[in-house]
Amino acid sequence: MMNREQAEIRISELRDLLNEANRRYYVDSSPMMSDYEFDMRMKELEALEQEFPDLASPDSPTLKVGSDLSGTGTIFPDFPDMNSRPGRAKGSKSKSVRTGGNAKEFEQYPHKYPMLSLGNTYDITEVEAFADRAAKSIGNAFTYSCELKFDGTAICLTYRNGKLFRALTRGDGTVGDDVTENVRHIGNIPQELKVPEGFFPTLLESRPWPEEFEIRGEIYMPWAAFERLNIERQRDEEQLFANPRNAASGSLKLIDSSMIANRGLECTLYHVLGEDLPFSTHDQALKAAGSWGLPVSDKRKICRSIADIEEFIAYWDTQRKTLPFATDGIVIKVNELPYQEELGYTAKFPRWAVAYKFKAEQALTKLISVDYQVGRTGAVTPVANLEPVLLSGTVVKRASLHNEDQMKLLDVHIGDYVYVEKGGEIIPKITAVEMTKRPDGAPVPHFPDTCPDCGTSLVRDSEEAKAFCPNTGGCPTQIKERLIHFLSRKAMNVIAGEATIEQLYSRGMVLSPADFYELDKDSLLQLEGWKDRSAERFLNSLSDSKKTGFEKVLYALGIRYVGESTAKSVARHFGNIDAIASASVEELLKVEDVGQVIAESIYAFFADEHNLNTVRRLKDAGLRFETDGAPANLSSALEGKTIVISGNFSISRDQMKALITSHGGKNSGSISGKTSWLLAGEKPGPEKLKKAEALGVPVISEEELMEICRAEEK
Ligand code: IVH
């Protein structure tokens with residue numbers, strides 16, 4: 001038993017911890033603890049608050065739903081009229097590297113009915129207690145609707161006159177983020193409802209659905225889409241999503257709505273709300289919604305007794321492993337709507353429903369050895385080799401150890417028995433060591449000091465706890481991985497298997513992406529396995545790839561931290577490669593989606609002569625290095641100015657020219673009456689100076705030019 005003082009300290013600790021865990025889970029889409037651990041800590045806090053009621057607080061996480069609101073947001077106080085256009089993101093942005101920089105702020109609207117959470121338990125006797133309470137309170141015969149608990153992110157859709165009007169996230173339960181535009185890209189959410197077969201309009205009922213109603217449910221990412229997304233993110237060395245739930249909530253809040261369509265999100269709806277709805281049971285409401293074309297799960301059952309409920313739970317506890325999406329439990333709801341109303345709500349939960357949660361699956365197996373793998377950008381990752389073990393339907397042989405810090409934290413030794421769990425990783429992760437089974441003298445694996453591939457001394461990135469091989473230009477694995485990335489589907493989209501690329505690289509025919517475009521048929525035919533047709537197909541595909549848009553070309557260059565969406569933002573902002581190459585870190589930071597780490601990485605990439613040379617050669621090969629439309633200028637400070645440059649500057653002459661165009665100016669090679677300024681660096685050409693003087697063209701210095709550009713940027 002704790003005394004009051006101890007309880008006060010523990011309560012405060014738990015509130016801080018749970019508030020932080022809620023923020024990481026709902027806002028960052030990057031959880032810091034398992035759901036089980038979270039639920040257990042919540043129960044501990046609830047018990048303490050009950051034991052010491054004077055220490056209760058209305059701000060406690062036990063009384064509030066976790067908030068997914070993206071920022072401070074602007075709250076639109078009323079449910080706006082039918083003509084307003086919801087769903088547009090505000091202009092402001094927030095920058096983040098951890099989530100891939102995709103956070104944005106949304107307009108916020110109040111929920112018509114509070115959007116609450118569900119009481120949950122891992123203990124079947126608590127489900128029995130729930131059923132007993134409900135039965136006592138209702139006092140009549142009633143039924144339960146048992147459903148899957150979809151592991152995604154909650155959504156509230158409003159339909160007006162049969163059209164999708166607005167989509168709000170749960171937010172803090174009172175106010176939600178308006179994600180309507182993004183939701184319009186989710187394939188199975190209808191923009192318009194359908195009239196069910198057999199419905200005939202009458203004077204009283206001209207349409208089958210209420211004029212306005214809300215339907216709530218979950219947006220989730222099926223396993224296959226989730227695995228595909230994480231494979232792509234691993235390739236890009238972007239932070240992986242920890243689980244499909246986080247991937248769904250992160251995707252739902254993407255800046256670029258059009259990217260959502262590719263994420264494979266799906267929706268299932270499980271709660272209809274509105275004024276004077278013509279249903280007497282929850283089941284009727286869902287069936288009607290299904291008949292209007294709304295996605296409603298058929299994995300439901302009307303149960304009449306606790307035995308029925310337990311059977312449903314037991315069935316899905318095993319069958320869930322065969323589902324193409326994640327479920328974390330079963331929701332048990334009182335089916336009759338008048339009884340739901342009678343039972344009502346607490347501040348946080350309905351009293352008419354409860355969730356029984358499944359525990360995450362774990363397996364115990366032996367750690368045989370640790371491999372250290374080098375990635376495209378040189379990051380070295382420890383990967384555990386395990387004695388094969390069955391976990392959620394697949395045999396697991398390898399597991400991620402993340403980084404050296406994680407290895408130390410887990411305190412793994414070779415020969416240990418370790419717990420593995422499937423999380424968001426491509427391969428499962430080790431979550432703990434079974435210390436009681438450690439063999440005597442089990443050796444500690446030693447994280448290497450040098451690159452396992454090329455032997456170069458590794459450098460440690462303290463912020464990310466990662467080790468990198470700095471031999472970017474010479475480390476074979478990095479070069480090969482970059483070449484694979486360059487041709488990959490989301491980059492240049494050239495049809496070539498990894499084995500082909502490996503062959504071309506090991507024969508020394510392709511060392512840089514630019515070498516691909518200098519290959520010819522004869523040299524390919526010299527290689528083992530190549531025939532006329534395969535050579536032609538490969539060369540044609542390479543030639544077609546020259547039409548690839550600038551955004552993808554920029555992504556293909558494989559700049560560290562520059563994933564698909566960042567490449568898009570950067571390309572659109574600057575308009576051409578020269579402007580990007582000459583941008584300062586400060587200028588790069590102005591791009592939506594770009595934070596300090598990304599800005600520094602882009603800057604460092606273009607400071608490397610080796611990379612500049614590759615870009616030059618790719619440009620000569622005919623790849624596209626500017627966007628289609630007019631480049632989005634940094635400013636229009638130099639609009640209408642024709643500038644001739646002469647001499648040396650603090651940046652290269654190419655960079656200076658790009659800087660001029662990115663501020664709206666024009667470059668010209670020779671001085672004429674139309675020249676606005678002669679920009680003179682160090683040691684300008686005497687001929688040019690003379691001509692400028694003769695024609696009365698003002699001569700300005702680099703410093704003066706920068707001043708002009710800066711003044712406009714402010
Ligand atoms: S009914 C008043 N049914 O689980 C709350 N919720 O952990 C009514 N969830 O907030 C919710 N599947 O986002 C309901 N079949 C289902 C569900 C479900 C998943 C989510 C929902 C809820 C959360 C609680």
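Whatever order the structure lists ligands and atoms in, that order sets their numbers, starting from 1.
With 3.5 Å as the limit, one finds a donor-acceptor pair spanning the side chains of Asp39 and Tyr122. For the residue pair Asp172/Ser67, the side-chain donor-acceptor check at 3.5 Å is not satisfied. Checked by atom type, the side-chain pair Ser57/Asp59 shows no donor-acceptor distance below 3.5 Å. No hydrogens or angles considered: a donor-acceptor pair under 3.5 Å links the side chains of Ser60 and Glu49.
Residue contact check: Leu148 has heavy atoms under 4.0 Å from atoms 12 (N), 15 (N), 16 (C) of ligand 1. With ligand atoms numbered from 1 in the order given, ligand 1 contributes 2 (C) to contacts under 4.0 Å with heavy atoms of Pro350. Set against the non-hydrogen atoms of Ala154, the atoms of ligand 1 under 4.0 Å away are 13 (O). Close contacts of ligand 1 with Glu147, meaning ligand atoms under 4.0 Å from a residue heavy atom, involve 3 (N), 15 (N), 16 (C). Atoms of ligand 1 found under 4.0 Å from any heavy atom of Leu116 (numbered from 1 in listed order, with element): 5 (C), 10 (O). Those atoms of ligand 1 that come under 4.0 Å of a heavy atom in Glu218, given as number and element, are 9 (N), 13 (O), 19 (C), 20 (C), 21 (C).
Nearest to atom 21 (C) of ligand 1 among the protein's heavy atoms is Tyr270 OH, 3.0 Å. Scanning all protein heavy atoms for the shortest distance to atom 12 (N) of ligand 1 gives Phe150 N, 2.9 Å. Summary of contacts: the protein heavy atom closest to atom 10 (O) of ligand 1 is Arg170 NH1, 3.2 Å.
Here the shortest heavy-atom distance to atom 3 (N) of ligand 1, taken over His271, Arg245, Lys149, Lys333, belongs to Lys333.
Close N/O approach between Ser117 and ligand 1 is not found [any backbone or side-chain N/O within under 3.5 Å].
Put simply, the side chain of Thr169 gets close to the backbone of Asp177: a donor and an acceptor are under 3.5 Å apart. A donor-acceptor pair is defined here as one N or O able to donate and one able to accept, closer than 3.5 Å; no such pair exists between the side chain of Arg24 and the backbone of Ala21.
Stacking of Arg351 on the aromatic ring of Tyr345 is not recorded, the 6.0 Å distance cut-off and the 45° axial limit not both being met. Judged by a 6.0 Å distance limit and a 45° cone about the ring axis, Arg216 is not positioned over the six-membered ring of Tyr270.
Residue Met115 places every heavy atom at 4.0 Å or more from ligand 1.
Of the heavy atoms in Leu118, both backbone and side-chain atoms come closer than 4.0 Å to ligand 1.
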